[in-house]
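The structure appears below as structure tokens.
Worth knowing before you read on, the calculation uses all heavy atoms, side chains too, and leaves out hydrogens, waters and symmetry mates. Numbers here simply count residues along the sequence, with the first being 1.
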Amino acid sequence: MDIRELRYFAAVYRERNLTAAARTCFVSQPSISTAITSLEAELGTTLFIRHKKGVAPTASAEQFHALARRIIDEADAARSLFRKPSTRTNLTLGLMRTLDVPRTIALLKPLTARSDIALRLVGHDERADARIISKSMLGDDEHFVPLWSERYVAALPPSHPLTLKERLRAADLADAPMIDRCHCEQSEFFGRAAQRRPSAAIAQSEDWAMALVAAGIGIAIVPEGVAKGHPDVAIREIEVKIRREVGLAYRASAPLVDALKDFVGKLQGRRAKSQRARNPLLKRNKSERRR
């Protein structure tokens with residue numbers, strides 16, 4: 001086994017989905033599948049059970065994950081042990097509040113792993129060299145590098161009667177207690193009536209909103225990645241196709257510092273590689289243009 005296979009395994013374990021793991025690693029799904037198959041053959045055990053919504057880790061995966069995580073962390077520590085640059089570049093990154101933890105960790109690790117960068121995180125509305133935000137928050141003078149796109153879902157208490165339905169309509173939640181969030185998209189789901197709806201609670205963070213859902217206080221409309229990271233809530237599709245595109249935004253009028261320029265270049269390269277892997281037609285068309 002190699003460190004790359006361990007990183008892919010950790011991504012699948014975290015995401016519980018091969019496609020989502022491929023996106024976070026900026027590779028194709030077959031690359032992830034091949035790595036998992038190779039690990040299973042070498043370890044002589046099954047790590048994941050596939051089902052229609054993704055994969056479920058086996059007892060072997062639960063046991064192996066702690067070891068794999070330790071090896072990955074030690075490899076990263078060893079890589080940075082002898083990197084002692086004479087100067088460090090200060091890089092301030094603004095983050096919107098509604099980012100899910102797994103994707104944020106995967107996104108920031110390439111920066112935190114660099115010993116020549118002093119990274120500082122602030123809110124999305126504070127002064128920063130770049131921001132990780134939803135495209136709807138993009139300023140007029142900003143460039144946008146797409147990172148991922150995700151739908152919104154309903155997060156419910158596990159024992160709520162509406163969990164008996166696979167898909168929820170606005171009418172289903174007409175009298176349900178709702179939890180408003182700091183960046184609330186419920187108005188798009190409920191329409192104008194959303195402004196007149198009483199709230200069961202107002203959450204200042206995504207984790208607090210999910211905690212209130214798990215406690216049975218109410219239902220929240222949240223990005224799928226946020227809900228997926230909380231196994232103590234139930235997730236259901238909603239009839240309105242609400243999606244958001246998250247990406248890295250930076251001012252077009254200001255020159256990029258070298259560290260950020262390198263980061264943006266790698267993001268764009270990995271995204272292009274991932275898109276070509278998912279769509280062979282793009283790769284074929286590119287080859288034809290070269291001819």
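- A search for side chain to side chain contact (heavy atoms under 4.5 Å, CB included) contacts involving Asn17 returns Thr19, Ala20, not counting sequence neighbours.
- Considering CD of Glu245 and OG of Ser149, their distance stands at 6.0 Å, rounded to 0.5 Å.
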Output, in order, the C-alpha distance, side-chain angles, deciding distance and verdict of side chain to side chain contact (heavy atoms under 4.5 Å, CB included) for Asp129 and Leu93. CA-CA 6 Å; Asp129 297 301; Leu93 203 57; over 6 Å; no

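- For the residue pair Ala106 and Arg14, the shortest heavy atom distance occurs at CB-NH2, 4.1 Å.
- Within the structure, ring-ring contact (aromatic ring centres under 6.0 Å, His included) contacts touching residues 53-81 (residues at least two apart or in different chains) are Phe9-Phe64, Tyr13-His65.
- Contact record, Tyr250 with Ala130: CB-CB, 4.1 Å, taken as the closest heavy-atom pair.
- Scanning for side chain to side chain donor-acceptor pair (under 3.5 Å) contacts around Ser31 gives Ser28, with sequence neighbours left out.
- Qualifying side chain to side chain donor-acceptor pair (under 3.5 Å) partners for Thr89, counting only residues two or more places apart in sequence or in other chains: none.
- Ser253 pairs by the side chain to side chain contact (heavy atoms under 4.5 Å, CB included) definition with Asp141, Arg251, not counting sequence neighbours.
- Applying the salt bridge (charged side-chain N to carboxylate O under 4.0 Å, His left out) rule to Arg103 yields the partners Asp100, Glu150; only residues at least two apart in sequence or on another chain are considered.
- Separating the CD1 atom in Ile219 from the CG atom in Asp172 is a distance of 9.0 Å, to the nearest 0.5 Å.
- Here the CZ-OG distance, from Arg4 to Ser38, works out to 8.0 Å after rounding to the nearest 0.5 Å.
- Contact record, Pro157 with Gly218: CD-O, 3.6 Å, taken as the closest heavy-atom pair.
- The shortest side-chain heavy-atom distance between Leu18 and Ser33 falls under the 4.5 Å cut-off.
- Between Leu95 and Leu121, the shortest heavy-atom contact is CD1-CD1, 3.9 Å.
- At a threshold of 4.5 Å between non-hydrogen side-chain atoms, the residues Asp125 and Met96 do not count as touching.
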Using the side chain to side chain contact (heavy atoms under 4.5 Å, CB included) rule, take Met210 and Val222 through it: C-alpha gap first, then chi angles, then the decisive distance, then the call. CA-CA 9 Å; Met210 292 299 93; Val222 297; 3.6 Å; yes

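- Closest approach of Arg244 and Tyr152 over heavy atoms only: CD-OH, 3.2 Å.
- Listed by chain and residue number, nothing satisfies the side chain to side chain donor-acceptor pair (under 3.5 Å) test with Ser159 (two or more places apart in sequence, or in another chain).
- For Asp140, the side chain to side chain contact (heavy atoms under 4.5 Å, CB included) test picks out no residue, with sequence neighbours left out.
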From CA spacing to verdict: side chain to side chain contact (heavy atoms under 4.5 Å, CB included), Glu142, Ile133: CA-CA 11 Å; Glu142 288 183 307; Ile133 57 172; 4.3 Å; yes

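- Taking 4.5 Å as the limit, every side-chain heavy atom of Pro146 sits out of range of all side-chain heavy atoms of Trp148.
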Can you check side chain to side chain contact (heavy atoms under 4.5 Å, CB included) on Ile49 and Val55, steps first, answer last? CA-CA 5 Å; Ile49 302 298; Val55 297; over 6 Å; no

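- Cluster membership for Tyr8 and Leu67, using ILVMFWY side-chain heavy atoms within less than 4.5 angstrom, is shared.
- Among residues at least two apart or in separate chains, side-chain hydrogen bond (donor to acceptor under 3.5 Å, both in side chains) pairs with a member in residues 211-237 are Glu15-Lys228, Arg151-Glu224, Arg151-Glu237, Arg167-Glu237, Asp207-His230.
- Residues Ile3 and Ile71 meet the side-chain proximity criterion, which asks for heavy atoms closer than 4.5 Å.
- Between Leu107 and Ile132, some side-chain heavy-atom pair lies under the 4.5 Å cut-off.
- When side chains are defined from C-beta on, Leu168 counts as touching Leu162, because their heavy atoms get closer than 4.5 Å.
- Scanning for side chain to side chain contact (heavy atoms under 4.5 Å, CB included) contacts around Lys109 gives Arg69, Asp73, Ile105, Thr112, with sequence neighbours left out.
- In this structure, CG on Leu156 lies 9.5 Å from CD1 on Ile235, to the nearest 0.5 angstrom.
- For the pair Arg131 (side chain) and Met137 (backbone), a donor-acceptor distance under 3.5 Å is present.
- Counting heavy atoms from C-beta on, the side chains of Met1 and Leu43 come closer than 4.5 Å.
- With a 4.5 Å cut-off on side-chain heavy atoms, Glu5 and Thr34 do not count as touching.
- When all heavy atoms of Ala200 and Ile217 are compared, the pair lying nearest together is CB-O, 3.7 Å.
- Around atom CD of Gln63, no more than 12 heavy atoms belonging to other residues, nucleotides or ligands sit under 6.0 Å away.
- For residues 26-49, the set of pairs meeting the salt bridge (charged side-chain N to carboxylate O under 4.0 Å, His left out) definition, not counting sequence neighbours, is empty.
- The side chain to side chain donor-acceptor pair (under 3.5 Å) test applied to Thr163 returns no partner, not counting sequence neighbours.
- Here the side chain of Ser199 pairs no donor or acceptor atom with the backbone of Ile202 at under 3.5 angstrom.
- A distance-only check finds no donor-acceptor pair linking the side chain of Ser60 to the backbone of Leu47 [under 3.5 Å].
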Kindly determine whether Asp76 and Arg7 satisfy salt bridge (charged side-chain N to carboxylate O under 4.0 Å, His left out), including the steps that lead there. CA-CA 11 Å; Asp76 290 340; Arg7 292 186 190 280; 2.6 Å; yes

